[in-house]
Q: 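One structure coming up, written as structure tokens, with questions to follow.
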Amino acid sequence: MTSSAELCLLIGNKNYSSWSLRPWLLLKQLGLPFQEKRVSLYQTETREQIMRHSPSGKVPALYLDGQWVWDSLAICETLAERYPQAWPQDAKARAQARAIVAEMHSGFFELRNQMPMNCRRRQALSYCNEFLLEDMRRIQQIWQDCLEQSAGPFLFGDFSIADAFYAPVVLRFYSYEVELDQPLRGYMDTILSLPALQEWMAAAQAETEVISAAEVQD
Ligand SMILES: N[C@@H](CCC(=O)N[C@@H](CS)C(=O)NCC(=O)O)C(=O)O
């Protein structure tokens, strides 16, 4: 087991950094105390600050057991080796969770481009093209299937890495005022009411940097 005192998570702006939110939320839900090091993204000095810890030049990165691990999925998998409750315990559910996490990690480009995370936003898009609608449809199908199988309240019953990966989508749907029916609305409420997520959103509200949607690489 890792001594939690050694954990340090490098993150970007809470308002914009959807990748940072994933391991941050997982650490919180696992109940692991950790230090937080925040860099302000897309500034002149940003790359140099990140490169001190994360050779990819991207956040998030986690320091544990004397080494830095970068990339949100690699961080969550590394934590799951030590805290197996991070994945569903049933092997079939775990395989499905890994599949939908991989789908999130490597896809949904229209959603990322057209609905970048912005916790402070509260405004619907004026227009959605068919590609964005397709991403949104697929995500809703994923949530529907998982919640039907698990009966909730999280995608696989208990909170898992899958929820950490889809939490930024919940925030996007909330910010861009996407209306959903039950049980998806209930799932959004479950995520949005997590004390940790409330803490993240409050910190995002308090941030002062403003980054244009075109600059954010989500
Ligand atoms: N696949 C990476 C993506 C990380 C990523 O793109 N992070 C963005 C911020 S949310 C970043 O660090 N951008 C800084 C830059 O490109 O200069 C992960 O999962 O961690």
Side-chain angles (χ1 to χ4, degrees), residues 1-12 14 16-39 41 50-109 111-112 117 135 138-139 142-143 145-147 149-150 153-172 187 190-191 194 196-197 200 217-218:
M1 288 282 163
T2 306
S3 157
S4 53
E6 298 165 6
L7 292 172
C8 178
L9 186 68
L10 181 73
I11 59 171
K14 286 189 170 148
Y16 301 107
S17 186
S18 63
W19 303 95
S20 300
L21 171 58
R22 300 163 173 188
W24 187 93
L25 188 57
L26 180 65
L27 284 163
K28 288 279 179 181
Q29 290 302 114
L30 287 171
L32 300 172
F34 59 99
Q35 286 177 36
E36 210 176 287
K37 198 186 267 274
R38 196 194 85 116
V39 294
L41 292 172
I50 297 177
M51 289 292 286
R52 282 183 215 150
H53 311 294
S54 171
S56 65
K58 308 269 186 209
V59 291
L62 179 71
Y63 184 79
L64 87 171
D65 291 345
Q67 75 175 129
W68 282 94
V69 180
W70 57 96
D71 188 283
S72 58
L73 183 52
I75 294 168
C76 290
E77 284 285 15
T78 305
L79 285 168
E81 280 184 7
R82 291 148 175 87
Y83 304 95
Q85 68 271 32
W87 284 118
Q89 294 308 289
D90 174 75
K92 283 196 168 162
R94 194 161 58 247
Q96 188 183 354
R98 283 204 159 100
I100 66 162
V101 161
E103 205 173 333
M104 182 73 243
H105 201 55
S106 61
F108 301 123
F109 297 111
L111 183 93
R112 292 182 208 285
M117 196 173 95
D135 275 0
R138 174 62 194 141
I139 288 165
I142 289 171
W143 290 358
D145 292 347
C146 290
L147 293 168
Q149 287 163 30
S150 71
F154 296 103
L155 293 175
F156 294 90
D158 293 330
F159 185 94
S160 74
I161 292 173
D163 302 290
F165 267 65
Y166 282 87
V169 179
V170 169
L171 281 181
R172 286 183 174 97
Y187 175 64
T190 298
I191 297 292
L194 286 173
L197 205 81
W200 178 278
Q217 290 157 25
D218 214 347

Q: Is there a donor-acceptor pair closer than 3.5 Å between any side-chain N or O of Ser72 and the backbone N or O of Cys76?
A: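 Side chain of Ser72 to backbone of Cys76, a donor-acceptor pair under 3.5 Å: no, none is there.
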
Q: Taking all heavy atoms of Leu41 and all of Ser17, pick out the closest pair and write down the distance.
A: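 That would be CD1-CB, 4.1 Å.
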
Q: Which heavy atom in Ala162 sits nearest to a heavy atom in Ile100, and how many Å separate them?
A: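 Shortest heavy-atom separation between Ala162 and Ile100 comes out as CB-CD1, 4.0 Å.
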
Q: Name all residues meeting the side-chain hydrogen bond (donor to acceptor under 3.5 Å, both in side chains) criterion together with Tyr187; count only those two or more places apart in sequence or in a different chain, and write none if there are none.
A: Asp163

Q: To the nearest 0.5 Å, what is the distance between OG1 (Thr78) and CG (Leu73)?
A: 9.0 Å

Q: Is the backbone of Ile50 close enough, under 3.5 Å, to the side chain of Ser54 for a donor and an acceptor to pair up by distance?
A: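 Such a contact is absent between Ser54 side chain and Ile50 backbone.
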
Q: Testing the basics here: between Lys28 and Ala196, what is the closest heavy-atom pair and its distance to 0.1 Å?
A: CB-CB, 3.7 Å

Q: About how many Å separate CZ of Phe108 and CD of Glu103, when rounded to the nearest 0.5 Å?
A: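 If we round to the nearest 0.5 Å, Glu103:CD and Phe108:CZ are 4.5 Å apart.
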
Q: Going by side-chain contact (heavy atoms from CB on, under 4.5 Å), Ile191 matches just one of Val170, Leu155, Val169. Which one?
A: Val170

Q: Of the non-hydrogen atoms in Ser18 and Arg172, which two are nearest, and what is the gap between them?
A: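 So the two residues come closest at OG-NH2, 3.8 Å.
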
Q: Decide yes or no for Leu147 and Phe154: does some side-chain heavy atom of the first lie under 4.5 Å from some side-chain heavy atom of the second?
A: no

Q: Please identify each residue that fulfils salt bridge (Lys or Arg N to Asp or Glu O under 4.0 Å) with Arg94, with sequence neighbours left out.
A: none

Q: What do you reckon, is CG of Asp145 surrounded by more than 12 foreign heavy atoms closer than 6.0 Å?
A: yes

Q: Return the CG to OG distance between Leu26 and Ser160, rounded to the nearest 0.5 Å.
A: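 If we round to the nearest 0.5 Å, Leu26:CG and Ser160:OG are 8.5 Å apart.
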
Q: Measure the shortest side-chain to side-chain distance between Pro33 and Leu7 over non-hydrogen atoms and say whether it is less than 4.5 angstrom.
A: no

Q: Ring centres under 6.0 Å, that's the criterion: do His105 and Phe165 meet it?
A: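 Between His105 and Phe165, the centre distance is under 6.0 Å.
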
Q: Distance check, rounded to the nearest 0.5 Å: Asp65 atom CG versus Glu81 atom CD?
A: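 Spacing of CG (Asp65) from CD (Glu81) equals 10.0 Å.
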
Q: Using a cut-off of 6.0 Å, state whether more than 12 heavy atoms not belonging to Trp70 lie near its atom CH2.
A: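 For Trp70, atom CH2 is not crowded (no more than 12 foreign heavy atoms under 6.0 Å).
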
Q: Is there a side-chain contact between Arg22 and Pro60, using heavy atoms and a 4.5 Å cut-off?
A: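 Arg22 vs Pro60: side chains apart.
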
Q: Which heavy atom in Pro84 sits nearest to a heavy atom in Gln89, and how many Å separate them?
A: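 Smallest heavy-atom distance, with atoms named: O-NE2, 2.9 Å.
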
Q: For the backbone of Leu27 and the side chain of Gln29, can you confirm whether one donor and one acceptor N or O come within less than 3.5 Å of each other?
A: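 Such a contact is absent between Gln29 side chain and Leu27 backbone.
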
Q: Can you check whether Gly107's main-chain N or O pairs, donor with acceptor, with Arg112's side chain at less than 3.5 Å?
A: yes

Q: Apply side chain to side chain contact (heavy atoms under 4.5 Å, CB included) to residues Met117 and Leu21 and explain how you reach the verdict.
A: CA-CA 10 Å; Met117 196 173 95; Leu21 171 58; 4.2 Å; yes

Q: Mark yes or no for whether Gln96, through its side chain, and Cys146, through its backbone, hold a donor-acceptor pair below 3.5 Å.
A: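 No: the side chain of Gln96 does not pair with the backbone of Cys146.
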
Q: Would you check, one step at a time, whether the test side chain to side chain contact (heavy atoms under 4.5 Å, CB included) holds for His53 with Lys37?
A: CA-CA 10 Å; His53 311 294; Lys37 198 186 267 274; 3.7 Å; yes

Q: On a heavy-atom basis, which atom in Gly12 and which in Val59 lie closest, and how many Å separate them?
A: N-CG2, 3.6 Å

Q: Starting at CG of Leu30, measure out to CD of Gln85 and round the result to the nearest 0.5 Å.
A: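 Interatomic distance, Leu30 CG to Gln85 CD, rounded to 0.5 Å: 5.5 Å.
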
Q: Would Arg82 and Glu77 count as a salt bridge (Lys or Arg N to Asp or Glu O under 4.0 Å) if you check the C-alpha gap in whole Å, the side-chain angles of each, and the deciding distance to 0.1 Å?
A: CA-CA 9 Å; Arg82 291 148 175 87; Glu77 284 285 15; over 6 Å; no

Q: Walk me through it: do Cys8 and Phe34 pass the test side chain to side chain contact (heavy atoms under 4.5 Å, CB included)?
A: CA-CA 5 Å; Cys8 178; Phe34 59 99; over 6 Å; no

Q: Closer than 4.0 angstrom, basic N to acidic O: yes or no for Glu36 and Lys14?
A: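 Answer for the salt bridge query: yes.
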
Q: Does the side chain of Trp87 reach to within under 4.5 Å of the side chain of Arg98, using non-hydrogen atoms?
A: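 Result yes, sub-4.5 Å side-chain heavy-atom pair found.
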
Q: By side-chain hydrogen bond (donor to acceptor under 3.5 Å, both in side chains), which residues pair with Asp135, not counting sequence neighbours?
A: none

Q: Please step through side chain to side chain contact (heavy atoms under 4.5 Å, CB included) for the pair Leu171 and Tyr166, ending with a clear verdict.
A: CA-CA 9 Å; Leu171 281 181; Tyr166 282 87; over 6 Å; no

Q: With rounding to the nearest 0.5 angstrom, report the CD1 to CD1 distance, Ile75 to Ile161.
A: 11.0 Å

